[in-house]
Amino acid sequence: MEKKSAFLMTALCGFAMSGYAVEYSEAEQTPVFDTFVLSSPNMHHGGRLPMSYTCDGESASPPLSWRGAPESTQYYALVMQHNAPDGIHWYWTMYNIPVTKNQIQSGEILGEIGNNSVNRLLQYAPPCSKGPGEKVYQFTLYALSELAKINTDKPMDRATLLMSIKDITLGSATMTMTYEREPYKRPQQSEARPRPAEPEKLNPPALTDSIDSPRCHDIRRSINAAGFSSSVSVTCDNDYAYVVSSTYPDHAMMTGITGTNEQIPVPAEGYAAPIKLHPKKADTFTTIDAAVGVAVNGVPIYDYSSQGELDVHEYDQKHDTLVLGQLDNCGGHAGRGDDYHYHVSPTCMIDVMENQGDDAIIGWGYDGYPLYGDKNPDGSDISADSLDVCNAQVDEKYGYRYQTSTTPPYIIQCLVGEVDRQKLPRVAPLNGDYEGIRADLRPPQDEVKNLTHTISKEGSRSMRYQYQGEDYFTTYTPSTQSKGCYDFQQKTISNGGKLESGIFCRSEQPTNTKSATTVPTIKRRSVLSGTHNLRLDAWADNWFAAYIGEVLLVEDSVSITTERSFNAESVLFSADYPIELNVILKDFKQNDSGLEYIGARNQQMGDGGFIMQLTDTDTNKVVAVSSSDWKCEILHKAPLNKLCESESTPIPGQGYCTFISKGAPANWLDSGFDDSKWANATEHSASSVGPKDGYNDINWDRRAKFIWGEDLETDNTLICRATIEEPK
């Protein structure tokens with residue numbers, strides 16, 4: 001029965017990975033009872049995971065129910081996992097669920113919750129896979145004979161949980177679901193040959209002029225009037241105003257906190273908050289377990305809660321950050337990403353605003369509606385029944401407006417307007433924490449004393465506090481090893497008062513502190529066909545897409561907007577010679593100025609670089625490489641004068657910050673397209689490009705060269721073509 005159980009579990013998952021088989025041996029003696037069934041009112045075994053439970057939808061945990069548990073069951077444990085090529089990813093762990101329960105509602109927590117492998121936090125992590133292909137997600141409910149005894153010295157992850165329940169598991173019930181993210185879906189073999197992409201699809205809004213509109217003007221004016229234009233910038237396209245900042249305010253922070261989570265504010269340069277320019281009231285309110293808007297000083301705004309998404313109709317004091325003593329005297333604190341944000345009225349920001357007054361806008365909801373203070377803009381008091389559950393009311397000028405309040409919910413509780421969750425930004429936890437010293441900080445709920453946060457003239461930040469007569473601290477300074485990285489030293493309650501240190505980054509991790517790299521996953525492109533079997537390897541700073549003729553071969557699976565957007569891709573396909581290879585290459589830029597980290601101390605021009613090789617897998621010979629023989633056309637070049645880099649307020653198209661922008665020719669993917677007037681690609685040295693993540697995972701042919709336009713810094717977007725003849 002034991003061997004049959006392990007076989008059934010493997011068959012259900014559809015995987016044959018040795019890594020999985022080894023790890024599952026921790027609980028392979030679990031018998032399976034045919035009457036023990038796991039189900040869901042919104043899903044069925046073998047079906048598609050609804051989008052609502054992924055990062056493309058509501059990011060909520062799914063509802064589950066079960067029946068037929070073994071007679072001696074006293075508790076349950078739950079694990080949701082995906083068997084990825086690089087190992088098992090887990091998204092949801094709960095344990096010690098009482099036997100009196102036979103269902104879990106969406107968003108509900110029963111018993112005790114463990115962490116996930118996405119961000120190591122004690123919460124459900126919605127699947128958010130990178131790259132194409134259908135993924136399989138497995139839900140397993142374990143029936144336990146007694147309470148799981150957990151060693152609190154170890155983080156409660158999937159492996160720890162399975163080991164803890166190995167000898168007390170009476171049975172298990174499993175349900176599997178599949179999901180493929182829409183942006184990565186590919187045509188099926190039965191579909192017709194893909195049509196050439198329309199020009200506008202090859203040229204996103206970033207390639208057009210910055211667009212102004214009445215709402216864009218109002219958003220920019222609210223920031224300028226408050227006096228924050230030197231640290232916050234606004235750029236608009238047709239649909240959104242992007243409020244760009246470091247999320248790091250000028251006012252004092254963290255003073256007054258008694259219920260610390262031991263996180264410390266770290267700047268998040270280039271944070272871009274998207275505000276809708278054409279707001280429309282939604283049919284239902286939207287709650288978000290993250291920022292719901294942004295203050296005019298660029299600091300994100302959250303609802304009052306410290307625990308997941310809210311029930312907007314029922315105030316929950318247990319999760320009120322203000323009541324719990326988690327907020328500083330300014331209404332904010334550092335969250336799990338070491339990111340500073342507000343949960344109540346940003347009083348310290350308001351105190352330094354140049355346009356103080358009841359008619360001053362102090363922030364914007366992501367749905368496009370403004371946030372005012374405790375009174376109506378005309379200075380009158382707000383009547384008790386004026387505000388809805390979101391802390392909003394009708395506004396003659398903007399349609400709706402939000403208000404702060406001295407009583408719960410204090411600030412924007414939910415969004416009344418339509419909002420696209422996929423556009424909403426999140427500040428990710430610092431990367432490089434390979435030993436987990438900041439990954440799972442869980443101090444006791446007792447009060448700490450004398451918590452202070454200071455910034456030295458040299459730029460180091462320190463947070464110090466006392467607990468039960470002992471001194472604790474976290475301090476960091478900008479690292480000399482890499483931009484966007486910090487040298488940390490800490491003594492935390494969570495980690496038992498040990499002195500710990502490390503280099504943690506908002507940007508790329510320094511090479512000498514990186515963990516071991518892995519060979520990039522090789523994708524297989526089945527739409528193309530031919531007599532020659534080939535593999536394309538490519539690396540780009542920051543993003544690329546490659547076509548064989550008109551057919552998309554591979555698109556960089558790492559978004560250009562992520563902070564670590566350096567990536568290698570490998571893809572297998574078959575084709576006939578001559579091969580028409582076409583690529584789109586992009587370097588990240590915040591707007592048409594061509595700059596990065598606008599308004600921050602490290603405001604700069606980015607640089608690019610691309611390298612490729614094509615290997616015949618039948619002969620294992622490299623048949624083509626990137627070189628100056630390629631033809632390239634620059635679509636976006638900025639700034640035209642590099643003095644723009646030092647402008648305090650760089651405005652695209654003005655002063656030194658002029659730019660050139662044009663669309664790709666409509667037929668540039670065609671095999672007969674004449675590229676003779678295009679310039680040859682310029683070869684650049686590896687030292688000038690500085691390749692990072694993924695580059696060293698590929699064994700590059702010595703003939704493969706980094707290519708770009710003539711200027712790595714000002715050439716932002718380009719398209720390149722190469723015709724590859726059959727080798728002799």
Side-chain angles (χ1 to χ4, degrees), residues 218-234 241-257 263-269 271-273 275 290-304 321-322 326-335 337-366 369-377 379 391-392 401-407 409-413 425 427 451-455 461 463 598-601 649:
D218 286 350
I219 293 170
R220 185 178 288 116
R221 183 173 58 184
S222 69
I223 291 167
N224 294 343
F228 299 120
S229 58
S230 62
S231 58
V232 182
S233 64
V234 178
Y242 297 91
V243 178
V244 181
S245 71
S246 69
T247 74
Y248 204 85
D250 290 334
H251 61 66
M253 293 179 288
M254 311 302 285
T255 300
I257 290 176
Q263 311 291 151
I264 186 172
V266 179
E269 307 288 0
Y271 179 86
I275 311 301
V292 293
V294 64
V296 289
N297 66 347
V299 173
I301 295 172
Y302 281 54
D303 59 45
Y304 74 82
T321 52
L322 182 62
Q326 295 179 359
L327 303 184
D328 62 21
N329 297 336
C330 299
H333 71 168
D338 284 304
D339 56 312
Y340 189 80
H341 51 258
Y342 299 123
H343 281 276
V344 300
S345 178
T347 54
C348 296
M349 181 199 78
I350 295 173
D351 287 343
V352 300
M353 287 174 58
E354 294 178 2
N355 62 335
Q356 292 180 27
D358 296 323
D359 60 345
I361 294 174
I362 62 175
W364 293 86
Y366 283 146
Y369 297 123
L371 170 67
Y372 289 86
D374 292 349
K375 292 189 176 184
N376 290 313
N391 242 26
R401 68 174 184 265
Y402 298 101
Q403 306 278 172
T404 61
S405 55
T406 57
T407 57
Y410 309 117
I411 203 163
I412 302 173
Q413 179 172 228
V427 178
L451 189 149
T452 59
H453 177 270
T454 58
I455 303 176
R461 282 93 161 174
M463 185 173 71
I598 294 174
R601 288 188 297 273
T649 308

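All values derive from a computational prediction rather than experimental measurement.
Inter-residue side-chain proximity for Arg221 and Asn224 is flagged as unmet; no heavy-atom pair is nearer than 4.5 Å. Under the 4.5 Å side-chain criterion, counting only non-hydrogen atoms from C-beta, His343 is not in contact with Leu322. At least one side-chain heavy atom of Pro267 sits under 4.5 Å from a side-chain heavy atom of Arg461. Looking at Val243 and Ile223, their side chains come closer than 4.5 Å, going by heavy atoms from C-beta outward. Counting heavy atoms from C-beta outward, Thr247 and Pro300 have side chains that approach closer than 4.5 Å. Between Val296 and Met349, some side-chain heavy-atom pair lies under the 4.5 Å cut-off. Contact check for Asp339 versus Gln263: no side-chain heavy atoms found under the 4.5 Å cut-off. For the pair Ser222 and Phe228, the minimum side-chain heavy-atom distance is 4.5 Å or more.
A pairwise comparison of heavy atoms in Cys330 and Ala252 identifies SG-O, 3.3 Å as the closest pair. Minimum interatomic distance between Asn355 and Ala226 (heavy atoms only, all atoms of both residues): OD1-CA, 3.2 Å. Here the closest non-hydrogen pair linking Pro265 and Ala334 is N-CB, 3.6 Å. Ala241 and Ile219 make their closest contact through CB-CD1, 3.7 Å (heavy atoms, listed as atom of the first residue, atom of the second, distance). The two residues Tyr342 and Ala295 come nearest to each other via the heavy atoms CE1-CB, 3.9 Å. When every heavy atom of Tyr271 is checked against every heavy atom of Ala291, the shortest pair comes out as OH-CB, 4.1 Å.
Listed by chain and residue number, Ser345, Ile362, Leu371, Asp374, Ile411 satisfy the side-chain contact (heavy atoms from CB on, under 4.5 Å) test with Thr404 (two or more places apart in sequence, or in another chain). Every side-chain contact (heavy atoms from CB on, under 4.5 Å) that Val292 has, sequence neighbours left out, goes to Ile288, Ile301, Ile412, Leu415.
More than 12 non-hydrogen atoms from other residues, nucleotides or ligands lie less than 6.0 angstrom from CG of Asp359.
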Verdict with reasoning, Met353 to Asn297, per side chain to side chain contact (heavy atoms under 4.5 Å, CB included) | CA-CA 9 Å; Met353 287 174 58; Asn297 66 347; over 6 Å; no
In sequence, state the C-alpha distance, the side-chain angles, and the governing distance for Tyr340 and Met254, and then conclude on side chain to side chain contact (heavy atoms under 4.5 Å, CB included).
-> CA-CA 9 Å; Tyr340 189 80; Met254 311 302 285; 4.3 Å; yes
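Of the inter-residue distances, the one linking Gln413 atom CD with Ser405 atom OG reads 9.5 Å to the nearest 0.5 angstrom. For the atom pair Leu451 CG and Ile257 CD1, the distance stands at 5.5 Å (nearest 0.5 Å). If you take OH on Tyr372 and CZ on Arg401, they are separated by 7.0 Å, rounding to the nearest 0.5 Å.
Here the side chain of Thr347 pairs a donor or acceptor atom with the backbone of Asn329 at under 3.5 angstrom.
In this structure, a donor-acceptor pair under 3.5 Å is absent between the side chains of Asn391 and Tyr304.
A side-chain contact (heavy atoms from CB on, under 4.5 Å) with Asp328 is found for one member of His333, His453, Met253 and no other, namely Met253.
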